[in-house]
Chemist: 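This is the structure, below, for whatever I ask next.
Everything quoted here is computed from the prediction, not taken from an experiment.
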Amino acid sequence: MGTIIIQVLALGILGLVLGGALGYVGRKFFVKEAENTAAIREVLPGVNCGACGHPGCDGFAVAVAEGQAKTNECPVGGAELAAKLAEIMGIEEVPATKLTAYVHCCGNADAAKTYYEYDGIGDCNASFLLPGTGPKACTFSCIGHGSCVEVCPFDAIDIVNTIAVVNPDKCVACGLCVPICPKKLIEIVPDAAKVRVECHSTDRGPLVRTNCSAGCIGCKLCEKSCPHDAIHVNNNLAHVDYEKCTLCGVCVEKCPTKVIKNTTATN
């Protein structure tokens, strides 16, 4: 019996020592949370998408409170949240730029040829492993099985005639759809940049015409015609410089395959 009592006392003493040590370490290395962190966390959307570049909304709240992140870096909250955060921080508001996801492909069932009929798992990444990276003749085209639709928490993407289409009114540019696309067709772009190239193919013109009636053929008519040096053809594909583009529409008119679009008309 005496041995048991001694063992119990020893364990109790050990517990007290370890508890005291943990308490000391906790106080020694305690990092005081910035005063505004709780208030910032309270107004954040709580989506935890990571689009701000921080580990979830908690990480973003700490970064803003400590001055390590700007108040306009949450694309989900947009301008309204940026104004609230600026008020909490007591600083001048920095307007948030509205962004949106955009799918660089118009090779739908009417435009793109298909090599074979696919009857399998409705997942783009599974189809990507098949010959030709999917059933369409163009290896760059949208597979259209909707993997991006599945990961979008805002119901902002639909599959229309085998092509993923983003609804900019619903899209908050969280970016979750970008890495899920095996063809790397989805880009986060400024919503105000309405002139966009609806193609991602770097094949040469003759091959593009063989596979799809609506692809960029790299003819450079857009580049030669743009009065603002806002569009260039690199690796057989036109790219718009959104900072230089004035939406004049010259490139849209000159494009022979109509792959350069002014999305104002479709949004």
Chemist: Is there a continuous path of hydrophobic side-chain contacts, each under 4.5 Å between heavy atoms, that joins Val166 to Leu185?
Modeler: yes
Chemist: In terms of hydrophobic clusters joined by side-chain contacts under 4.5 Å, are Val43 and Val76 together?
Modeler: no
Chemist: If we only count heavy atoms from C-beta on, is the Phe154 to Cys171 side-chain gap below 4.5 Å?
Modeler: no
Chemist: Can you name the nearest heavy-atom pair linking Ala238 to Cys216, along with the distance?
Modeler: N-SG, 3.5 Å
Chemist: If we check side-chain hydrogen bond (donor to acceptor under 3.5 Å, both in side chains) with His104, which of these qualifies: His200, Glu187, Glu198?
Modeler: Glu187
Chemist: Quick one: does Val165's side chain get under 4.5 Å of Ile157's, heavy atoms only?
Modeler: no
Chemist: Partners of Lys84 by salt bridge (Lys or Arg N to Asp or Glu O under 4.0 Å), sequence neighbours excluded?
Modeler: Glu80
Chemist: Side chain to side chain contact (heavy atoms under 4.5 Å, CB included), that's the test. Do Val208 and Arg204 meet it? Break it down for me.
Modeler: CA-CA 6 Å; Val208 172; Arg204 292 184 178 276; over 6 Å; no
Chemist: Before giving the answer on side chain to side chain contact (heavy atoms under 4.5 Å, CB included), spell out for Cys222 and Cys255 the whole-Å C-alpha distance, their side-chain angles and the decisive distance to 0.1 Å.
Modeler: CA-CA 6 Å; Cys222 54; Cys255 179; 5.7 Å; no
Chemist: Would you check if the side chain of Asp241 reaches a backbone N or O of Ala230 as a donor-acceptor pair within less than 3.5 Å?
Modeler: no
Chemist: Identify the two heavy atoms, one from Thr71 and one from Ala86, that lie closest to each other, and give their separation to 0.1 Å.
Modeler: CG2-N, 3.9 Å
Chemist: Between the side chain of Ser127 and the main-chain N/O of Cys124, is any donor-acceptor distance below 3.5 Å?
Modeler: no
Chemist: Treating Ile, Leu, Val, Met, Phe, Trp and Tyr as nodes and any side-chain heavy-atom pair under 4.5 angstrom as an edge, say whether Leu81 and Ile88 lie in one connected cluster.
Modeler: yes
Chemist: Over all heavy atoms of both residues, which pair between Asn235 and Thr202 is shortest? Give the atoms and the distance, please.
Modeler: O-CB, 3.3 Å
Chemist: What closest approach, in Å, do Cys57 and Asn48 show between heavy atoms, and which atom pair accounts for it?
Modeler: N-OD1, 2.8 Å
Chemist: Could you tell me whether Tyr242 atom OH has more than 12 heavy atoms of other residues or ligands within 6.0 Å of it?
Modeler: yes
Chemist: Main chain of Lys194, side chain of Thr264: is a donor-acceptor contact present, judged purely on distance under 3.5 Å?
Modeler: no
Chemist: On a heavy-atom basis, which atom in Gly175 and which in Ile188 lie closest, and how many Å separate them?
Modeler: CA-CD1, 4.1 Å
Chemist: Does Lys220, at its NZ atom, have more than 12 non-hydrogen atoms belonging to other residues, nucleotides or ligands within less than 6.0 Å?
Modeler: no
Chemist: Keeping Lys258 on the side-chain end and Glu253 on the backbone end, is there a donor-acceptor pair under 3.5 Å?
Modeler: yes
Chemist: Would you indicate whether Lys98, at its atom NZ, is surrounded by more than 12 heavy atoms from other residues, nucleotides or ligands within a distance under 6.0 Å?
Modeler: yes
Chemist: Mind checking the CG-CD1 spacing from Asn236 to Ile217? Nearest 0.5 Å is all I need.
Modeler: 10.5 Å
Chemist: Side chain of Asp58, backbone of Arg41: donor and acceptor closer than 3.5 Å?
Modeler: no
Chemist: Mark yes or no for whether Ser201, through its side chain, and Asp203, through its backbone, hold a donor-acceptor pair below 3.5 Å.
Modeler: yes
Chemist: Has Leu129 got more than 12 heavy atoms of other residues, nucleotides or ligands less than 6.0 Å from its CG?
Modeler: yes
Chemist: Which residues satisfy the salt bridge (Lys or Arg N to Asp or Glu O under 4.0 Å) test with Lys183, sequence neighbours excluded?
Modeler: none
Chemist: Answer yes or no: is there a donor N or O on one side and an acceptor on the other, between the side chain of Lys136 and the main chain of Gly107, under 3.5 Å?
Modeler: yes
Chemist: Are Val259 and Tyr102 connected, step by step, through hydrophobic side chains (Ile, Leu, Val, Met, Phe, Trp, Tyr) whose heavy atoms are closer than 4.5 Å?
Modeler: yes
Chemist: Does the side chain of Cys245 reach to within under 4.5 Å of the side chain of Ile231, using non-hydrogen atoms?
Modeler: no
Chemist: CG/Asn161 to CG/Asn108 distance, rounded to the nearest 0.5 angstrom?
Modeler: 4.5 Å
Chemist: May I ask you to decide if Pro131's main-chain N or O and Tyr116's side chain share a donor-acceptor pair within less than 3.5 Å?
Modeler: yes
Chemist: Specify the closest pair of heavy atoms between Ile186 and Ala101, including all atoms of both residues, with the distance to one decimal.
Modeler: CG2-CB, 3.9 Å
Chemist: Determine, using the 4.5 Å side-chain heavy-atom cutoff (strictly less than), whether Val178 and Val149 are members of one ILVMFWY cluster.
Modeler: yes
Chemist: Counting distance only, does the side-chain N/O of Lys254 pair as donor-acceptor with the main-chain N or O of Ser225 below 3.5 Å?
Modeler: no
Chemist: Report yes or no: does Glu66 contribute a side-chain atom to a donor-acceptor pair with the main-chain N or O of Ala63 at less than 3.5 Å?
Modeler: no
